[in-house]
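We number each residue from 1, following the sequence as shown. Hydrogens, waters and symmetry mates play no part in the numbers below; they use all other heavy atoms, side chains included.
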Amino acid sequence: MNIIEPDASWAVTEFADAQLNDIRRTQRLVEIATVLAQQPTASFPEACGSPSMLKATYRFFDNDAIDAQAILESHIEATSHRITAVPRVLAVQDTTELDFSHHPATTELGPLSGANQHGFLAHTTLAITEERVPLGIIAQSVWVRDPTEVGKRATRRQRPITQKESQKWLLSLSAVIEFSQAHPDTHFVSIGDREADVYDLFLQQRPSNVDWLVRAA
């Protein structure tokens, strides 16, 4: 099943609707995405190909007026359009650690799994077909751990799930349920690993076209 054609129109489909409060910013976003998608493993200098494009790319990402959530929402909307043609969608969710330990000048980071690791975390829900064709992101939560909260594992059973990182599983399932309401003819299967074996998750009500699959701990 060929859902996405790998050509320049991809960036237009994904990001042309991004509400960045200036059409020039949206146009720049489409241009940057087009360039970077052609060499996804390359560094910015390698992918951009020219000093002017590289400067424009760095300026875009350094602009505090650029709303990352607005960029993501444009892509999520494109994901929703693709899901319309798919009878069953696997909504696979997991957490990634973004490690910036080797960038000591970077600020506003938090602790990661390792004692000397610092960065942030992203919990992403990726929609794919049964044939493993990616359809796009359904939801993504990004956060920085509070250093003062480290070491409270012993009290995790006394704290409500809204005060724990494990609420990420519920947020993802809620996003899948919201998608299911817009696509009543599509069957969704939300999938998590054994970390998702959370009692609160199994209590959450689901519509008939949403199932939940977890590897029990």
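The structure places CG of Asp94 at 11.0 Å from CG of Leu126, a figure rounded to the nearest 0.5 Å. Rounded to the nearest 0.5 angstrom, Thr95 OG1 and Glu165 CD are separated by 7.5 Å. Between the OG1 atom in Thr26 and the CD atom in Glu31 there is a gap of 12.5 Å [rounded to 0.5 Å].
Ring geometry for His75 versus Phe15: interplanar angle of 30 to 60°, hence tilted.
Around atom CD of Gln204, more than 12 heavy atoms belonging to other residues, nucleotides or ligands sit under 6.0 Å away. Counting non-hydrogen atoms of neighbouring residues, nucleotides and ligands closer than 6.0 angstrom, the CZ atom of Phe61 exceeds 12 such neighbours. Shown here is Asp146, whose CG atom has more than 12 heavy atoms of other residues, nucleotides or ligands within 6.0 Å. Annotation: Gln69, atom CD; neighbour count of heavy atoms from other residues, nucleotides and ligands within 6.0 Å is above 12.
Checked by atom type and distance alone, the side chain of Thr186 pairs as donor or acceptor with a backbone atom of Val86 at under 3.5 Å. Between the Asp17 side chain and the Ser74 main chain, no donor and acceptor come within less than 3.5 Å of each other. A donor-acceptor contact shorter than 3.5 Å links the side chain of Glu97 to the backbone of Ser113.
For the pair Glu14 and Arg82, the salt-bridge criterion is met [side-chain N within less than 4.0 Å of a carboxylate O].
Hydrophobic cluster membership differs between Leu72 and Leu121, with clusters built from Ile, Leu, Val, Met, Phe, Trp and Tyr side chains linked at under 4.5 angstrom.
Judged as a ring-ring contact (aromatic ring centres under 6.0 Å, His included), and not counting sequence neighbours, the contacts of Phe100 are His103, Phe120. By the side-chain contact (heavy atoms from CB on, under 4.5 Å) test, Ser172 pairs with Gln93, His123, Thr125, sequence neighbours left out.
Glu73 is not listed as a side-chain neighbour of Asp67, based on a closest heavy-atom distance of 4.5 Å or more.
Smallest separation of non-hydrogen atoms from Gln117 and Ser101: CA-OG, 3.1 Å.
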_Test log, rule side-chain contact (heavy atoms from CB on, under 4.5 Å), inputs Phe44 and Leu54_ = CA-CA 7 Å; Phe44 279 3; Leu54 178 62; 3.7 Å; yes
